[in-house]
Q: 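Okay, here's the structure, questions in a sec.
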There are 2 protein chains.
Amino acid sequence: MLPTPFGALDEKSLSQMRYSIGDHVFRQGDTTKGIFFVASGGICLTRVTESGNSVTIYNAQTGDMFAEASIYSDHYHCDAICTAPSEVVRISKQAIQKQLREDTAFSEGITKRLAVQVQDYRQLLTLRAVKSANDRVLLAVELGKLTGSVTQFANQIGLTKEACYRALRDLSDQGLLTKTGRGRYAPTPRSEDRLP
Amino acid sequence: MLPTPFGALDEKSLSQMRYSIGDHVFRQGDTTKGIFFVASGGICLTRVTESGNSVTIYNAQTGDMFAEASIYSDHYHCDAICTAPSEVVRISKQAIQKQLREDTAFSEGITKRLAVQVQDYRQLLTLRAVKSANDRVLLAVELGKLTGSVTQFANQIGLTKEACYRALRDLSDQGLLTKTGRGRYAPTPRSEDRLP
DNA sequence: ATCCGAATATGATTGAAATCACATGTTACC
DNA sequence: GGTAACATGTGATTTCAATCATATTCGGAT
């Protein structure tokens with residue numbers, strides 16, 4: 001099921017797609033055809049800067065939506081690349097624009113979603129501002145950013161994978177993180193104040 | 001005059017305020033009272049992370065709005081600090097919520113603004129992902145981020161002022177930037193292909 | 001007019017992350 | 001089963017921005 005407020009849309013405005021690892025859902029510069037929902041799998045949004053650097057903008061996992069801002073853009077400004085075998089629902093741009101005009105609740109839902117996205121980006125910026133690799137990795141893990149591979153995680157938080165592995169090891173040694181498996185780390189539960 | 005779609009609002013929902021350098025318009029954690037428009041001056045939005053680092057989120061100049069996403073938040077999640085003697089218009093949160101329910105065009109305008117803000121944050125993230133100080137500074141200047149002081153600029157793009165000054169000098173030496181005055185730099189106009 | 005604080009500017013040193021290099025482990029596919 | 005591709009993990013070296021230090025200039029306040 002699609003997240004609010006997209007449940008209000010007609011079935012005809014949706015198209016189910018399948019992607020394999022490495023497939024492009026869309027490319028930077030493509031004309032916008034709609035916004036997307038990840039039914040299962042993972043889609044990574046990356047942008048190539050003028051200098052040729054590649055930046056991960058967003059790592060959409062199962063249940064996430066992406067390219068929401070494209071309703072008001074003529075073309076996508078990043079690449080959407082499949083990182084795991086994925087089922088993706090495309091929601092037609094025309095249908096959204098029609099619904100926006102006709103359905104107040106739908107419109108409000110969209111606005112709220114965008115507001116949340118703004119806050120998410122702010123969080124990411126806050127994270128990126130942490131200079132120390134160890135502090136950054138710790139904060140990122142605590143924020144639940146380490147879902148997929150460490151390589152992806154490293155890219156998302158703006159570190160090399162090597163620096164990331166080292167930070168994960170250091171933090172585990174310090175007891176701030178607990179290694180729960182190969183490439184799996186979780187915050188060590190803090191001893192909470194409890195009533196006696 | 002307020003930017004679209006805020007012209008539709010009643011005069012009663014606006015309050016004009018004056019701030020001096022260093023004044024707080026609001027603080028991180030304050031309950032949200034509305035969103036703001038900079039009639040003149042400059043307001044800097046900074047956020048303090050758990051580790052005590054301070055991040056510049058946004059540098060609102062004359063004609064800019066800020067705290068737009070606060071419509072859907074109970075409290076502000078950053079500090080708004082005045083960086084130049086400023087006249088600021090506060091737009092009541094209640095009035096906005098009322099208008100959102102009653103006026104479709106207003107609602108659409110708000111949504112569009114948020115979509116643009118999402119893109120702005122993406123741009124900032126892209127900028128922050130550039131590792132080389134020189135490349136980052138060049139890109140930032142080309143994006144028109146160097147409006148106020150170099151110190152502010154440095155903070156906004158995530159570099160120390162020293163690194164920033166050095167990059168500005170290097171880029172000027174390389175001819176990629178032109179020094180137009182003390183603390184003033186502009187991109188050197190590229191030789192465009194012209195019809196013969 | 002001058003005193004103070006902040007911004008501009010640059011040089012020297014240092015420290016931490018990037019880079020390079022490489023070993024092992026895992027998965028998927030022919 | 002073999003192997004290709006990629007993720008995990010760590011060590012050695014280099015690089016480049018942060019930091020420390022310091023001089024100068026500018027603007028505002030007294």
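First the proteins, then the strands, lettered A, B, ... as listed; each starts at 1. Just so you know, these numbers come straight off a predicted model, no measurement behind them.
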Q: How would you list, by chain and number, every residue that makes a ring-ring contact (aromatic ring centres under 6.0 Å, His included) with Y165(B), sequence neighbours excluded?
A: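 None.
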
Q: Between E108(B) and K112(B), does any side-chain N to carboxylate O distance fall below 4.0 Å?
A: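 Answer for the salt bridge query: no.
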
Q: Less than 3.5 Å apart, any donor N or O on the side chain of S73(A) or T32(A) sitting next to an acceptor on the other?
A: no

Q: Is there a donor in the side chain of S107(A) and an acceptor in the side chain of S107(B), or the other way round, less than 3.5 Å apart?
A: yes

Q: If we ignore hydrogens and angles and just use 3.5 Å, is the side chain of R90(A) paired with the main-chain N or O of S15(A) as donor and acceptor?
A: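 Between the backbone of S15(A) and the side chain of R90(A) there is no qualifying donor-acceptor contact (under 3.5 Å).
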
Q: Taking atom C1' of dT8(C) as reference, at what distance in whole Å does atom CD of Q152(B) sit?
A: 15 Å

Q: Go through the steps for R166(B) and E162(B) under the test salt bridge (charged side-chain N to carboxylate O under 4.0 Å, His left out), then give the verdict.
A: CA-CA 6 Å; R166(B) 267 185 268 274; E162(B) 293 94 331; 5.8 Å; no

Q: For a 4.0 angstrom threshold against heavy atoms of chain B, report the outermost contacting nucleotides of DNA chain D in 5' to 3' order.
A: dA17(D) to dC26(D)

Q: Is there a side-chain contact between T151(B) and the phosphate of dT8(C), meaning an N or O under 4.0 Å from OP1 or OP2?
A: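 Answer yes for this pair, as a side-chain N or O of T151(B) is under 4.0 Å from OP1 or OP2.
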
Q: Can you run down the ring-ring contact (aromatic ring centres under 6.0 Å, His included) pairs that involve residues 103-140 of chain B, sequence neighbours left out, and say none if there aren't any?
A: F6(B)-F106(B)

Q: Mind checking whether F66(B) and F36(B) have parallel, tilted or perpendicular rings, split at 30° and 60°?
A: parallel

Q: Whole angstrom is fine here: how far is it from CG in N155(B) over to P in dA6(C)?
A: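 So the CG-P distance, N155(B) to dA6(C), works out to 15 Å.
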
Q: Evaluate T178(A) against T188(A) for side chain to side chain donor-acceptor pair (under 3.5 Å), listing each step before the verdict.
A: CA-CA 5 Å; T178(A) 307; T188(A) 303; 2.9 Å; yes

Q: Any protein N or O atoms within reach of nucleotides 16-22 of chain C? Criterion: under 3.5 Å, listing atom names and distances.
A:
from    : atom 1 : to      : atom 2 : distance (Å)
dA17(C) : OP1    : A133(A) : N      : 2.7
dA18(C) : OP2    : T160(A) : N      : 3.4
dA18(C) : OP2    : T160(A) : OG1    : 2.8
dT19(C) : O4     : R166(A) : NH2    : 2.9
dC20(C) : N4     : E162(A) : OE2    : 3.2

Q: M65(B) and side-chain contact (heavy atoms from CB on, under 4.5 Å): which partner among I91(B), L2(B), V38(B)?
A: I91(B)

Q: Does a nitrogen or oxygen in the side chain of Y165(B) sit under 4.0 Å from OP1 or OP2 of dT10(C)?
A: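 For dT10(C), neither OP1 nor OP2 has a side-chain N or O of Y165(B) closer than 4.0 Å.
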
Q: Using a heavy-atom cut-off of under 4.0 Å over every strand shown, decide if Y185(A) touches base, sugar-phosphate, or nothing.
A: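 Sugar-phosphate contact only.
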
Q: Name the pairs: protein N/O against N/O of nucleotides 24-30 of chain C, kept only if under 3.5 Å.
A:
none

Q: So, using side chain to side chain contact (heavy atoms under 4.5 Å, CB included) as the criterion, who are the partners of A140(B) when residues are at least two apart?
A: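 L127(B), K145(B), F153(B), I157(B).
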
